[in-house]
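Numbering of ligands and ligand atoms starts at 1, following listing order. Note that this is a predicted model, so its numbers are computed, not measured. The figures here come from the full heavy-atom set of this structure, side chains too, leaving out hydrogens, waters and symmetry mates.
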Amino acid sequence: MDSLHKGWFTEFSPDDLEKIKNTGNGQDKQLRSDGQEMGGAWPGQAFSLQVQEVLFHEKSQYQDVLVFKSETYGNVLVLDGIIQCTERDEFSYQEMLAHLPLFAHKDPKKVLIIGGGDGGILREVLKHKAVEKVTMCEIDQMVIDVSKKFLPHMSHGFSDPKLDLYVGDGFEFLKNHKNEFDVIITDSSDPVGPAESLFGESYYELLRDALNDTGILSSQGESFWLHLPLLQHLIAFNRRLFSKVQYASSPVSTYPSGSMGYLICGKQDHDLSVPARILDSAALKEMKLRYYNSEIHRAAFVLPQFVKEAFE
Ligand code: SPD
C-alpha cells in the first residue's frame, strides 16, 4: 500500500511506511538528533484525509513534494509523505510558532526564518509593524513555487519588500551570521531526512550565536504525546546554551496526535510566557489573528504534569 490509495491520503509514520512497502526495516527512518535514534515518528498509527484531486506531485532535489485538494481541509502540502499544512488548520501552528517569540520580545526588528517555504510564518511575521527586515532561508525552491501556486493565502508575503529570500541550507547560512537577529524562527519538517540537522546541538549553537543579546528563538517542537525522548534531549542541551528554555503547545488537528509543540529559548533570563505587548480586540482584528491572543500566549506554556516532570 502507498500513501495515496483509493481516493485517500494516509500519513504513515515513515518507519512504518518503509516496512509496509517492503523497502527496508524502518531503521533508517527513525527520528534522529545528534546521531542518536529517538524512536519512530508515530509508529502504529496513521491519519487519513480524503482526496478530491491531486494538484501536484513531483520529486525535488531534496524530497517528495505533493499538493492535493482535500474533501474537507482545503489544499494540503505534503513533504516526504508528511503533512506540513492544510488550509483549514494551518493558522494554529503558524500563528503560535511566529507570535510566541515575537510578542515575548519587546521590539523585534530583524527576524530570520529558517525553512518555512510555504510562507505561512512569513505572513505572520510581516503582521508586526516593528519588524523592519525578514530574512528567510529555505532549502527547497520547489516548496516555495508550489506554495505560491496552491497556497496563496499563506504565501502572499513572498512579494513583500521587507523580505530577503535565500534558497539554501539553513545550517550553512547561520555560519556566516553572528549577533544579528532579534528573533529566529525554525519552521522545519520532522528530523527524518533533510531536517535532521536542524534538531542537533550544533544547530542550536549557531542559532544562539546568530541572535543578538536580547534574542529569542522558536522552533517546531513536535508533540509531547509522541516525542518525549527527543524533546528531553533538545531541552537538556538548550539549557546549557540559553538563559531561558520554555515549551508551549497548541492543538493542530492534522498533525500527528493533534498537538504541536513550540520550543522557545531566550538569551536573557526573563519569562517568555509573558507577552511584552498585550493585544486589544482592535489589534487582534487588524492583525487578522485567528488563534493567537494574549491569553493564549500565557496558557500555551502551561504543561500537563507528566510533561512537566519529563522536562525537569
Ligand atoms: N509533523 C509535521 C510537522 C511539520 C512542521 N512544519 C510545518 C511547516 C508549515 N509551515
Side-chain angles (χ1 to χ4, degrees), residues 3 9-17 29-33 38-43 45-49 62-67 73-100 113-126 134 136-140 142-144 146-148 150-158 170 185-196 198-199 218-227 230-231 234 248-263 291:
S3 294
F9 164 80
T10 299
E11 182 187 57
F12 294 104
S13 190
D15 51 326
D16 282 344
L17 186 60
K29 297 286 179 186
Q30 306 279 306
L31 299 183
R32 276 193 179 74
S33 172
M38 299 286 175
W42 42 93
Q45 63 183 71
F47 173 76
S48 295
L49 285 173
Y62 302 98
Q63 54 206 339
D64 184 275
V65 180
L66 165 69
V67 184
Y73 277 80
N75 290 354
V76 182
L77 172 66
V78 178
L79 300 179
D80 277 344
I82 298 176
I83 294 172
Q84 301 301 310
C85 51
T86 81
E87 286 183 310
R88 179 166 159 186
D89 67 357
E90 52 86 12
F91 61 95
S92 172
Y93 172 81
Q94 326 279 7
E95 290 187 20
M96 293 298 274
L97 187 63
H99 298 310
L100 289 175
I113 304 168
I114 302 282
D118 53 52
I121 297 295
L122 174 63
R123 176 191 68 198
E124 297 305 318
V125 172
L126 289 168
V134 191
M136 179 190 274
C137 185
E138 159 64 48
I139 199 165
D140 198 339
M142 189 182 282
V143 174
I144 298 171
V146 298
S147 301
K148 283 182 178 169
F150 299 113
L151 300 168
H153 298 297
M154 290 173 62
S155 57
H156 51 77
F158 281 111
I185 300 167
T186 302
D187 177 20
S188 70
S189 43
D190 301 316
V192 194
E196 187 189 321
L198 307 186
F199 285 78
S218 72
S219 296
Q220 190 265 80
E222 299 294 352
S223 164
F224 59 61
W225 289 112
L226 298 166
H227 309 116
L230 172 67
L231 296 174
L234 288 170
S249 68
S250 78
V252 184
S253 56
T254 56
Y255 283 162
S257 83
S259 167
M260 177 45 90
Y262 311 96
L263 181 64
Y291 192 86

For ligand 1, is any non-hydrogen atom under 4.0 Å from Gln94's backbone (N, CA, C, O), its side chain (CB onward), both, or neither?
side chain
Do the side chain of Ser33 and the main chain of Phe199 share a donor and acceptor less than 3.5 angstrom apart?
yes
Near Asp190, which atoms of ligand 1 are under 4.0 Å from a heavy atom of that residue?
1 (N), 2 (C), 3 (C)
Which of the atoms in ligand 1, numbered in the order shown and given with their element, are less than 4.0 Å from a heavy-atom of Met260?
3 (C)
Looking only at protein heavy atoms, which one is nearest to atom 4 (C) of ligand 1, and how far off is it?
Gln84 OE1, 3.4 Å
Could you pull out all residues at least two apart from Phe150 that satisfy ring-ring contact (aromatic ring centres under 6.0 Å, His included)?
none
Interfacing atoms of ligand 1 (cut-off 4.0 Å, heavy-atom, Asp187):
6 (N), 7 (C), 8 (C), 9 (C), 10 (N)
Atoms of ligand 1 close to Ile82 [distance to a heavy atom under 4.0 angstrom, numbered from 1]:
1 (N), 2 (C)
Identify, with sequence neighbours excluded, every residue that meets side chain to side chain contact (heavy atoms under 4.5 Å, CB included) alongside Pro43.
Ser13, Asp15, Asp16
Per-atom filter on ligand 1: closer than 4.0 angstrom to a heavy atom of Ser188 are 4 (C), 5 (C), 6 (N)
Name the one of Leu17, Asp190, Asp64 that satisfies side chain to side chain contact (heavy atoms under 4.5 Å, CB included) with Ile82?
Asp190
A student checking ligand 1 against Gln220 at a 4.0 Å heavy-atom cut-off should list atoms 3 (C), 5 (C)
Would you call Asp118 and Gln94 a side-chain contact if the rule is heavy atoms closer than 4.5 Å?
yes
Which ligand 1 atoms are under 4.0 Å away from a heavy-atom of Ile83?
2 (C)
